[in-house]
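Notes to accompany the following structure.
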Amino acid sequence: MALLEVENLQTHFRTPGGINRAVDGVSFHVNEGETLAIVGESGCGKSVTSMSLMRLIPEPPGRIAGSIRFAGRDLLKLSDREMRAIRGNDISMIFQEPMTSLNPVLTVGRQIRETLMIHQGLDKQAAEAHAIEMLTLVGIPEPKRRVGEYPHQLSGGMRQRVMIAVALACNPKLLIADEPTTALDVTIQAQILKLMLDLKRRVGAAIILITHDLGVVAEIAERVMVMYAGRKVEEAPVAELFRSPRHPYTQGLLGAVPKLGSSLAGTATRLAEIPGQVPDLRKPITGCVFAGRCALATDLCRQYAPGLEEKGPRHIAACHYAAKGAIAA
Amino acid sequence: MSPPLLQVNDLKKHFPIKSGLFNRKPEFVYAVDGVSFEIARGETLSLVGESGCGKSTVGRAILRLFEITSGQVILDGQRIDDAAPGTMRQMRRRVQVVFQDPFSSLNPRMRVRDILAEPIRNFGLAKSAEDLEVRVTSLMDTVRLPREALNRRPHEFSGGQRQRIGIARALAAEPELIVCDEAVSALDVSVKAQIVNLLQDLQREFGLALLFISHDLAIVEHMTHRVAVMYLGKIVEVAPRREIFAAPRHPYTKALLSAVPLPEPGAQRNPIILKGDVPSPINPPKGCRFHTRCPFVFDRCRTEEPTLRATGPEQWVACHLEEPP
């Protein structure tokens, strides 16, 4: 059974320039213990989707519609109080910038203790012991000393480890990681990715990984959902998606990334460009959202939005032409 | 053989840290601590390394955005690190820069036309008002922006378009070398590809040399002729692209390359996971600067600093493991 089922999620923002349809009718699910990656470029709605799941969108100017069923309950129907009991306990989140998401005036230990005392009802001593345990788990050296330190005393990689410790303190069923390694250097990124994989094996939480880095996706995701302009355009198991992307946008994305080692294999060629740019989400879009940038677009695409159709085993894409196999890579 | 376009000899830049009134012992950030390299005409040299390794400081020193602590920067046979203001002005025309953030590097109150006209006027390149207009419009064609956009201001453009404006501004001065300081790092994947292609086209068209400063190794491999790998203010390895990516010699280069996640699910790879963080450039480790994280460290590394030595025709490595016994 799916742990999380999102149906027709619509998150719109009222702006002076009109209604911004940041997320416009997105449905997906996450199974228990599964890692789903949400991929796309800036403005595609991937972060707004994750913020909507946590109900962290300010309303107004935002408005969330649709349904988000988590372990059988619709999160959008819960009271604020009930939602608070879920955040940080059943669902927790890791953000991109660990410096701005940790409180600079509280010690690291206190920030881990806080979630434990609020959600698990532990007393201070028990919470402190557990905090040290968590820091050990995420690989922070000298955890007994580090619990008493403030975020500014830690390096970027250490802070991200602390964020992960805070997020995992209450054994969440679902962890949302929004660009967890984007701000980190590659050697530190490798450490954090390895840590996330190890912890997943041990803790067994489902993960929604939000990223624009296809390398990170290939490394840790099991299933991938590609978003463009507030819609889901393709979804497939990770190997399948990289082997035979069906949507022209996904194909474009994969072609635009140079691969390490390609100069040696003699396969270094000009990078594939996706011409143009993302459409303005404040204006209504008729037809396919990608039609304006797609080399294969026809009048059909400009007039009728394609629905998500099965293109292969567990593989769906929203493209009029993908089904015919004409553009399958 | 003609001299290289740019030559950097034992460049050092130590930034003083503000110390208290009674603190008599001044402290320094050893951002760049003895770096030498050359760039030939029309060549791309990439400086790679992680945050704080000093790669951007090297770029800024070449642009003379600050005075260097010691060393030499020689452009086309002429020293520019101590050039007098009059000479420097002419030299500045020949070395231009494209910055990382296209949002903060363009003046929001200027129209694109004025942004592009400024360097042309500054260096007296236009013969007349008509010539200026011709130059400005042709720059827009060169970076593939519509001419109508000349009258708009930076906020009306997307990140990728702004980066094109930044590139056009750099080209306006007709430079021979462009320092690209993380010029594509802030861009989205599909836009990044557009800008990378543009830079490669421009290099071919104008015979530009590029100093490409980046932490994105896949992009570097795609763009570059040669690579210099920096760690804590020092170059640890310099080599042509093929050698760096096929047969890296320095343990840090190996670790850096192995840490890049590949966009191939299930790819067989054994990343070398380095322990810990980069030490502070205020108190860099004695001996080899990489010894605190190096998986192959031995006693000599802790006390004696390795120097760059040739291990191949164009490959230089600073590691005790490379020395003949």
Side-chain angles (χ1 to χ4, degrees), chain A residues 39-44 139 141 154-158 181 183-191 193-194 212-222 224 237-243 249 252-264 268-278 293, chain B residues 48-53 144 157-161 186-198 200-201 215-224 240-242 244-247 252 255-267 269 271-280 293:
Chain A
V39 196
E41 300 178 275
S42 348
C44 73
L154 306 174
S155 67
M158 287 292 170
T181 58
L184 305 174
D185 276 317
V186 267
T187 60
I188 308 297
Q189 167 170 288
Q191 293 173 356
L193 289 180
K194 182 168 182 294
H212 67 276
D213 187 331
L214 294 164
V216 173
V217 171
E219 192 108 318
I220 69 174
E222 289 156 50
V224 187
V238 68
E240 163 83 7
L241 188 93
F242 280 78
R243 197 183 331 114
Y249 176 63
L253 268 189
L254 289 169
V257 192
K259 287 184 186 66
L260 210 59
S262 56
S263 71
L264 312 166
T269 44
R270 202 173 161 79
L271 294 180
E273 293 181 17
I274 303 177
Q277 45 200 308
V278 183
R293 300 176 76 186
Chain B
V48 305
E50 299 179 280
S51 357
C53 72
R144 290 154 214 162
F157 296 91
S158 68
Q161 289 171 320
L187 304 173
D188 264 320
V189 183
S190 67
V191 181
K192 194 183 286 193
Q194 295 173 9
I195 300 296
V196 164
N197 287 342
L198 176 66
Q200 288 187 301
D201 293 348
H215 67 273
D216 186 335
L217 293 160
I219 292 278
V220 164
E221 183 188 359
H222 183 78
M223 299 253 333
T224 203
R241 167 168 84 172
R242 217 188 148 69
I244 285 281
F245 291 98
Y252 179 63
L256 202 58
L257 286 171
S258 82
V260 179
L262 297 176
E264 287 165 33
R269 54 187 214 103
I272 304 166
I273 306 265
L274 292 179
K275 290 200 185 75
D277 296 298
V278 182
S280 157
R293 301 173 80 197

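Throughout, a chain's letter reflects where its sequence line sits, starting with A, and its residues are numbered from 1. Please read all numbers here as calculations on a predicted model, not as lab measurements.
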### Query
So what's closer than 4.5 Å to chain B heavy atoms on A/V238: side chain, backbone, both or neither?
both
### Query
Where do A/E41 and B/S190 come nearest, in terms of heavy atoms and distance?
OE2-OG, 2.8 Å
### Task
Before giving the answer on side chain to side chain contact (heavy atoms under 4.5 Å, CB included), spell out for A/R270 and B/D201 the whole-Å C-alpha distance, their side-chain angles and the decisive distance to 0.1 Å.
CA-CA 10 Å; A/R270 202 173 161 79; B/D201 293 348; 2.9 Å; yes
### Query
Are A/Q189 and B/P261 close enough that some pair of their side-chain heavy atoms sits under 4.5 Å apart?
yes
### Query
Which answer fits B/Q161, side chain, backbone, both or neither, if we ask what part of it has an atom under 4.5 Å from a heavy atom of chain A?
side chain
### Message
Does any backbone or side-chain atom of A/P275 lie under 4.5 Å from a heavy atom of chain B? Answer side chain, backbone, both or neither.
### Response
backbone
#### Entry: Between B/A246, B/G52, B/S51, the one whose heavy-atom pairs under 4.5 Å with chain A are most numerous
B/S51
### Query
So which part of A/K259 gets closer than 4.5 Å to some heavy atom of chain B, the side chain, the backbone, both or neither?
both
### Message
On a heavy-atom basis, which atom in A/V257 and which in B/V189 lie closest, and how many Å separate them?
### Response
CG2-CG1, 3.6 Å
### Task
Against chain B, label A/A272 side chain, backbone, both or neither, depending on which of its atoms sit under 4.5 Å from a heavy atom there.
backbone
### Message
Restricting to non-hydrogen atoms, name the atom on A/A218 and the atom on B/L262 that form the minimum distance, rounded to 0.1 Å.
### Response
CB-O, 3.3 Å
### Message
Testing the basics here: between B/E50 and A/V186, what is the closest heavy-atom pair and its distance to 0.1 Å?
### Response
OE2-N, 3.8 Å
### Message
Test of understanding: with salt bridge (charged side-chain N to carboxylate O under 4.0 Å, His left out), list the residues that count as partners of B/E264, not counting sequence neighbours.
### Response
none
#### Entry: Heavy-atom pair with the smallest gap, counting every atom of A/T187 and B/A259
CA-CB, 4.1 Å
### Task
Can you measure from CG (A/L271) to CD1 (B/I219) and round to the nearest 0.5 angstrom?
6.0 Å
### Task
Looking only at non-hydrogen atoms, find the nearest pair between A/Q191 and B/K275 and report the distance.
NE2-C, 3.8 Å
#### Entry: Segment of B/I272 engaging chain A (4.5 angstrom heavy-atom cut-off)
neither
#### Entry: Which portion of B/I273 sits near chain A, non-hydrogen atoms under 4.5 angstrom
side chain
## Note on the structure
Ranking A/M158, A/K194, A/H212, A/E219 by heavy-atom pairs under 4.5 Å to chain B gives rank one to A/E219
